Amino acid sequence: MPPKSKVSKRKSEPETKEKTDDKKSKIEESTERISKWLFKSEPETRMEKGVDMRFSFDDLKAEKNETSHWDGVRNYSARNFMREMKVGDEGFFYHSNTKIPGIIGLVTVVREAYPDHTQFDPKDPHYDPKSDKAAPRWDMVDVKYVRKLKRYIPLSELKELHQKHKGSGGPLRNLAMFTKARLSVQPITEEEWQFILSLENETD
DNA sequence: GCCAACGTTGGC
DNA sequence: GCCAACGTTGGC
C-alpha cells in the first residue's frame, strides 16, 4: 500500500467555509452532484523521505482486489472533493510527473471518505503531527481499477482542446486540470467526462 | 533542473 | 486581515 499522492503537507486549517458553500449550492443551483473525478498519481519512482512515491495504474491493478486507499492527500480542497465522493463514482487515472503525462485508465470509488491512517504515522512522508486522532484532518477513499483506455490521452492533447474550447465554448473550456492546476484530486463534469471518453476512439 | 503558478505561513 | 516570503507541484 504505497503512498500515492504527492500533495505536500499543509499546516493550516481553513475548514470553516465548507458549511457556507453547502448552504449556498443548495439555494442557488439544482445542479447535479459531481460524480466524476480525476486522480493524479506518479508512475515513476521518486524518493521522498526514503519512501518511493510511485503508484502507477498497473500498480493499482496489482493490488489485492485491484483496489487501493488513496492516501497521502494533504490539500484541503482535494480532501473536500474526496469527501464528496460516493460509492460508484467514476474517475480518470492520470499519470503525472512523467515524460508524457496523461490519462491512462478508469477507476471507480468503492469506499467513501474515512481517515487516512498515514497522517498518524511518523515514518510516513505525509505524517501530520498536528492532526488529532479524535478529529482526523485528512481522509482517503478506496478506488478500484476498472480498465485501461483504448489509447493513452496525453496532457498535450487535452491542453490543445482546452485552448480551442475556451474560444468556442466547447466541452473542455473549464477543465479543472487547467483552471485549478496542481490539485491531485479534481472534479470532472459530466460533459467533460463524456467528451474525454469519446477521444479514446479517435485513431489519429 | 528550471521555474510559473498557487497554497500556506507568519509578521505586522 | 493583509500580503510578502516561502514551499510545493509538476510541466517542460
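Quick caveat: nothing in here was measured; it's all calculated off a predicted structure. Chain naming here is simple, since letters A, B, ... match the order of the sequence lines and numbering starts at 1 in each.
Separating the CZ atom of A:Phe178 from the P atom of B:dA4 is a distance of 19 Å, rounded to the nearest angstrom. Distance, A:Asn97 CG to C:dT8 C1': 12 Å, rounded to whole Å. Rounded to an integer number of Å, the gap from CZ of A:Arg79 to P of B:dT8 is 11 Å. Atom-to-atom, CG of A:Asp128 to P of C:dT8 comes out at 14 Å; the value is rounded to the nearest Å. In this structure, A:Arg74 atom CZ and B:dG7 atom P are separated by 18 Å, rounded to whole Å. Rounded to an integer number of Å, the gap from CD of A:Gln186 to P of B:dG7 is 12 Å. Rounded to an integer number of Å, the gap from NZ of A:Lys180 to P of B:dA4 is 25 Å. Separating the CZ atom of A:Arg137 from the C1' atom of B:dT8 is a distance of 12 Å, rounded to the nearest angstrom.
Between A:Tyr94 and C:dG11 there is a side-chain polar atom (N or O) within less than 4.0 angstrom of OP1 or OP2.
At a cut-off of 3.5 Å, with distance as the only test, a side-chain donor of A:Thr118 or A:Asp116 sits close to an acceptor on the other residue.
In terms of the side chain to side chain contact (heavy atoms under 4.5 Å, CB included) criterion, residue partners of A:Lys61 (sequence neighbours excluded) are, by chain and number, A:Glu66, A:Tyr145.
Listed by first and then second residue, the salt bridge (Lys or Arg N to Asp or Glu O under 4.0 Å) pairs involving residues 91-108 of chain A are A:Glu44-A:Lys99 (not counting sequence neighbours).
The aromatic rings of A:His117 and A:His69 sit perpendicular to each other, their planes meeting at more than 60°, with 30° as the lower class boundary.
Closest approach to the A:Lys159 side chain among C:dG11, B:dG7, C:dG10 is made by C:dG11 (side chain taken as heavy atoms from C-beta onward).
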